[in-house]
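Everything below concerns the one structure shown next.
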Amino acid sequence: MEMDGQQSEGLSSVAYWLFKSEPGDWSWEEQKAQGAKGEEWSRVRNYQARNFMREMKVGDLGFFYHSVKEKRVVGIVKVCAEAHQDSEDDTGTWECVDVAAVCDMPEPVHLDQIKAEPKLEKMVLVNNSRLSVQPVSDQEWKIVCRMGGLKEPPKA
DNA sequence: GCCAACGTTGGC
DNA sequence: GCCAACGTTGGC
């Protein structure tokens with residue numbers, strides 16, 4: 001019997017994540033333009049972030065967060081391909097998943113709102129602002145979805 | 001294997 | 001634009 005928290009077969013096989021991007025680099029609009037086929041989440045050059053991507057399964061969901069200027073969750077994405085070689089890396093070190101846009105956040109959730117919510121004080125976004133790919137707990141997922149105006153958090 | 005120096009990210 | 005936090009690099 002193994003219960004590693006993140007993935008317990010049957011109960012909740014979907015994990016949740018948060019993907020950060022500077023809109024000037026890769027924006028939600030650009031992501032949506034890729035449609036259901038999705039796009040590589042490439043150019044991540046951080047081991048922790050890479051390792052999280054290695055844990056991802058097709059169907060996992062994630063927040064799409066605009067950093068720096070906007071600092072808000074603007075949409076939801078779905079993992080549509082598991083970790084593979086980053087096509088923009090020729091050293092063989094870096095991998096990435098593919099993600100596809102699922103839906104907009106009806107009301108984008110600003111970092112200030114997240115910081116103001118005591119139940120979200122443990123979010124990685126709050127405590128390690130520099131990590132660009134990070135895990136989100138089931139509870140955090142629900143709360144942020146609700147704050148963003150989604151009555152029913154999307155299911156994979 | 002430690003740690004100082006440096007580079008980068010991203011909030012403020 | 002500044003700087004804190006974090007990660008990486010490289011000399012010892």
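The model shown is predicted, which means the values in this text are computed figures rather than measured ones. Sequence lines set the chain letters: A, B, ... in the order given, protein chains first and strands last, and positions in each chain run from 1.
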Run the side-chain donor-acceptor check on residues 115-126 of chain A: report pairs under 3.5 Å with partners two or more places apart or on a different chain.
residue, atom, partner, partner atom, Å
E117(A), OE2, K119(A), N, 3.0

Checklist outcome for this item: For Y47(A), the other hydrophobic cluster members (4.5 Å side-chain criterion, sorted by chain and number) are W94(A)
Item to check | Sugar-phosphate only, base, or nothing, as touched by Q48(A) at under 4.0 Å among non-hydrogen atoms | outcome: sugar-phosphate
Checklist entry - What pairs of residues pass the salt bridge (Lys or Arg N to Asp or Glu O under 4.0 Å) test when at least one of them lies in residues 92-111 of chain A, not counting sequence neighbours? => result K32(A)-D104(A), R54(A)-E95(A)
Checklist entry - Where along residues 117-132 of chain A does a heavy atom come under 4.0 Å from DNA chain C, residue by residue in number order? => result N127(A), N128(A), R130(A)
Item to check | side-chain contact (heavy atoms from CB on, under 4.5 Å) involving S67(A) - partner list, sequence neighbours excluded | outcome: K20(A), E22(A), Y65(A)
Checklist entry - Quick one: bend of the helix from dG1(B)-dC12(C) to dC12(B)-dG1(C) from 5 pairs per end, to 10°? => result 10°
Item to check | Opening and closing nucleotides of DNA chain C in contact with chain A, under 4.0 Å to non-hydrogen atoms | outcome: dA5(C) to dT8(C)
Checklist entry - Can you tell me if W26(A) and Q31(A) form a side-chain donor-acceptor pair at under 3.5 Å? => result yes
Checklist outcome for this item: Contacts of R50(A) meeting side-chain hydrogen bond (donor to acceptor under 3.5 Å, both in side chains) (sequence neighbours excluded), chain-then-number -> none
Checklist entry - With sequence neighbours excluded, what pairs up with E88(A) under the side-chain hydrogen bond (donor to acceptor under 3.5 Å, both in side chains) test? => result S42(A), R43(A)
Checklist entry - Of all residues at least two apart in sequence or in a different chain, which pass the ring pair (Phe, Tyr, Trp, His ring centres under 6.0 Å) check with W28(A)? => result F64(A)
Checklist entry - Is K69(A) touching bases, backbone alone, or none of the nucleic acid, heavy atoms closer than 4.0 Å? => result nothing
Next on the checklist: Applying side-chain contact (heavy atoms from CB on, under 4.5 Å), can you list everything that pairs with R72(A), at least two apart in sequence or on another chain?
Outcome noted: E70(A), V74(A), P108(A), H110(A)
Checklist entry - If you link I, L, V, M, F, W and Y whenever their side-chain heavy atoms are under 4.5 Å apart, who else ends up in the same group as V58(A)? => result none
